[in-house]
**Student:** 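I am attaching a structure below and will ask some questions about it afterwards.
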Amino acid sequence: MEAFLMVLVLCLFHFFATKALALSTISAGQSIKDGETLVSAGGTFELGFFSPGNSKSRYLGIWYKKISTGTVVWVANREASVSDFSGVLSINDRGVLSIMNRTKGVVWSSNTSRKAAEEPVAQLLDSGNFVVKDGNDSDPESFLWRSFDYPCDTFLPGMKLGRNFITGFDRHLSSWKNDEDPAPGLYTIRIDPRGVPQLVLKKGPAILSRGGSWDGVYFSRRSRKKVNPVYSYEFVLNKNEVYYKHETRNSSIFSRYLLNPSGIIQYSIWNERKHDWEIFSEPQGDQCSIYARCGSYATCNTIETPPCKCLEGFKSRSASSPDLSSVDWSDGCTRRTRLACDGGDSFHKKTGLEIPDTSKSWADISIDLKDCEKLCLKNCSCTAYSNLDIRDGGHGCLLWFGDLIDMSEFSAGGQDLYIRLASSNLNHIQGKGKLTEKQMAGIIVASVIITSGVTMLALALYLWKIKRRKTGEHGKEDLELPVLEFATVAIATNNFSSNNKLGQGGFGPVYKGTLIEGQEIAVKRLSKNSGQGVEEFKNEVTLITKLQHNNLVKLFGCCISKDERMLIYEYMPNKSLDYFIFDKTRSKLLDWHSRMHIVDGIARGILYIHHDSRLRIIHRDLKASNILLDSNMNPKISDFGLARKFGVDQSQANTKDFGVLVLEIIAGKKNRGFSHPEHDHNLLGHAWRLWMEKRPLELLDTGLVDSYDETEVLRRINVALLCVQQRPADRPNMSLVLLMLCATVVIYGAEVESSLAFKNITK
Ligand SMILES: *[C@@H]1O[C@H](CO)[C@@H](O)[C@H](O)[C@H]1NC(C)=O
Ligand SMILES: *[C@@H]1O[C@H](CO)[C@@H](O)[C@H](O)[C@H]1NC(C)=O
Ligand SMILES: *[C@@H]1O[C@H](CO)[C@@H](O)[C@H](O)[C@H]1NC(C)=O
Ligand SMILES: *[C@@H]1O[C@H](CO)[C@@H](O)[C@H](O)[C@H]1NC(C)=O
Ligand SMILES: *[C@@H]1O[C@H](CO)[C@@H](O)[C@H](O)[C@H]1NC(C)=O
């Protein structure tokens with residue numbers, strides 16, 4: 001979609017009769033006509049009139065000049081366009097900018113807080129900031145006017161997002177109405193100043209999603225332990241103002257946050273080599289990021305079904321129904337025992353949480369956790385407390401008043417929250433807490449394990465219910481899992497005929513099938529003694545349906561019949577990667593370019609399952625035979641049978657398999673079973689040896705000699721070797737790997753890291 005829009009916009013930019021003045025300033029009395037532009041001193045940005053999409057309306061805007069000229073970052077007259085090519089931008093001697101149309105009507109004008117003392121000048125800076133300054137004034141804080149104070153849908157490095165508490169001035173992002181109309185659309189991103197300030201995505205007045213409050217390191221929702229390699233950021237909160245700001249570490253890297261017309265926020269980096277924006281993260285995207293998904297006093301966990309669960313000491317408001325799936329969670333949960341308030345309350349510590357909405361909270365950085373507890377007990381409406389800042393073991397005090405809303409549960413990371421309960425209730429939990437949890441798990445597992453007709457029926461009903469609910473909501477939510485009849489699958493695969501057999505996977509044979517509607521499928525028939533129990537099966541099915549990415553093979557559904565369990569996937573016409581790269585003849589079909597396309601795709605897929613999906617899964621069996629190829633030779637990772645949840649910090653360890661795979665793809669040889677006349681290392685050891693002996697190109701598959709690019713080869717081998725370092729802690733995580741692989745402009749930063757890492761190895 002995004003790419004499509006970009007193309008549209010790009011096409012339309014041909015309409016420009018850009019007669020560049022190559023000036024970066026205009027002073028009082030001067031003007032810019034439609035067709036003329038200002039260019040920032042370093043040539044990065046350009047300002048002028050343009051028409052978005054197929055629209056004929058003219059707007060004054062700023063776009064990149066050095067890179068993609070179709071990417072507009074700011075629009076002045078968002079709400080009032082000029083209907084023809086007669087628009088003129090001028091600046092008067094008071095420093096006010098205005099856009100006039102054919103009849104000299106003022107379509108838009110800037111609003112300056114004071115009058116210019118000297119002759120004012122409007123200048124387009126290389127940061128993309130269009131400013132009005134007093135003569136030769138160079139202090140941005142004293143400028144008469146700044147476009148950065150009025151962001152549109154793009155958050156650029158150097159911009160501030162936040163609020164001035166004194167003037168009430170609120171710098172926020174707002175989406176375009178649509179791709180042809182830059183007027184403010186439905187969505188905004190701003191810092192909500194109530195309680196402890198937090199980042200929120202809103203649709204009109206309603207909060208859609210919280211970015212979380214600042215926890216000292218980052219916004220709590222996506223706490224990062226690692227330093228971001230691309231940009232540094234700053235969060236300022238004091239009596240006068242609150243703002244968030246980021247700066248690119250290297251000014252020749254172009255990056256931006258974009259809030260698109262459908263309310264999706266994306267962070268992307270310009271990839272010079274591909275000449276396109278590369279999306280690095282889409283912070284929203286799972287069901288737990290929906291604001292208050294589970295109502296009050298309930299946590300949301302993406303990998304549980306259903307995802308909502310009451311906090312200990314609370315019960316569902318609509319608990320009358322025994323069927324978990326039918327509970328309407330928007331009501332949330334309520335206390336089992338009322339608070340005593342007069343000293344009869346205590347706190348239950350819950351770990352691994354994304355802390356609740358802080359709009360009704362109070363904080364003081366100088367108060368420690370002990371006093372924080374005392375403070376909370378003193379006020380009956382205080383419902384929970386936690387540290388305000390998580391750095392150095394945590395400090396500061398954060399108190400919540402009223403209902404606790406919008407909490408997510410992480411399997412690793414997250415914060416501690418101390419929840420107020422009646423002491424009698426708490427004793428009950430501490431006495432039996434663990435057991436109850438176990439029992440709960442037991443109940444869920446049991447409902448699947450017992451394969452009696454009754455439970456199967458219940459399960460089928462359950463799945464059907466979910467499906468019906470999801471269809472009813474028109475939601476894009478996961479778990480829309482069709483369950484196929486055994487007969488349907490048998491017919492599709494010609495009764496599992498050997499002619500239809502595609503191969504033998506780790507857990508059993510895989511068959512090609514064709515459904516009656518003509519849809520081609522791949523059926524993984526799990527062997528009865530494969531060791532994959534019902535629980536693992538359920539795990540795999542649930543996990544895969546939640547994972548949706550271009551580089552992951554799509555699970556269509558499953559089939560459960562007596563002791564038969566099958567997974568139904570999309571069919572991949574080009575088999576798997578090992579079919580090509582380890583075969584003398586077929587390997588010639590994959591030139592350097594397609595191999596690197598595959599490497600990048602695999603990296604993206606892994607990054608997604610490691611980080612972006614928030615399920616934090618590792619693929620413990622990443623190998624060439626598990627990389628399937630679609631009709632365009634796009635890689636799709638398959639087989640999550642051994643996937644397990646894991647903590648964020650483990651992700652480095654598991655880039656190792658990726659490193660090995662990259663080396664195999666480059667060398668066209670298997671790591672295991674590799675032999676060399678000069679030594680008895682495996683492929684990995686061989687690659688190290690060649691690298692240390694400064695002849696890494698010898699690693700290349702002989703079939704690639706015509707198509708490779710030397711610097712690229714070196715970079716890829718370099719990255720692969722970083723991934724297979726002995727100590728997991730030395731290995732880069734997947735986001736860094738992807739940065740190093742894809743963005744040539746980022747390689748500088750990566751090389752710093754690599755040289756450090758290599759020092760470790762050569763020691
Ligand atoms: C010019 O702008 C003024 C003020 O917005 C408006 O009233 C007038 O109709 C516009 N004229 C044309 C020709 O668009
Ligand atoms: C212009 O600024 C003044 C004060 O700074 C404010 O009261 C007024 O609403 C602003 N006008 C517009 C159109 O933004
Ligand atoms: C700015 O201009 C004034 C005179 O208009 C001059 O006195 C001053 O030195 C200039 N400042 C700089 C930094 O050039
Ligand atoms: C308790 O805290 C709330 C919210 O800050 C406040 O409005 C109320 O006055 C406090 N009550 C007492 C008794 O301090
Ligand atoms: C920034 O990146 C460019 C291109 O990758 C590189 O040539 C340059 O040396 C880097 N500059 C700094 C200061 O890191």
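Atoms within a ligand are numbered from 1 in the order they appear, just like the ligands themselves.
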**Student:** Could you tell me whether the side chain of R190 and the main chain of R171 form a donor-acceptor pair under 3.5 Å?
**Tutor:**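 Side chain of R190 to backbone of R171: no pair is present.
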**Student:** On the ring face of Y243, is K160 found with NZ or CZ under 6.0 Å from the centre and within 45° of the axis?
**Tutor:**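 Here K160 passes the 6.0 Å and 45° test against Y243.
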**Student:** Where do D192 and R194 land on the salt bridge (Lys or Arg N to Asp or Glu O under 4.0 Å) test, with the steps shown first?
**Tutor:** CA-CA 6 Å; D192 183 343; R194 298 173 300 163; 2.8 Å; yes
**Student:** Which parts of the protein, at residue level, reach under 4.0 Å of ligand 1 through a heavy atom?
**Tutor:**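 Contacts of ligand 1 under 4.0 Å: S83, N101, T103, G105, V106.
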**Student:** Is the closest heavy atom of W362 to ligand 4 under 4.0 Å?
**Tutor:**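 W362 does not count as a contact of ligand 4 under the 4.0 Å cut-off.
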**Student:** Cationic tip of R420 within the cone over W400's six-membered ring, i.e. under 6.0 Å and within 45° of the normal?
**Tutor:**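 Here R420 fails the 6.0 Å and 45° test against W400.
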**Student:** What heavy-atom pair brings S110 and G95 nearest, and what distance separates the two atoms?
**Tutor:**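 Here S110 and G95 meet closest at OG-O, 4.2 Å.
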**Student:** Go through it in stages, so that I can follow the logic: the residues are R210 and D406, the test is salt bridge (Lys or Arg N to Asp or Glu O under 4.0 Å), and I'd like the CA-CA distance, side-chain angles, deciding distance and then a yes or no.
**Tutor:** CA-CA 8 Å; R210 283 190 313 133; D406 199 39; 2.7 Å; yes
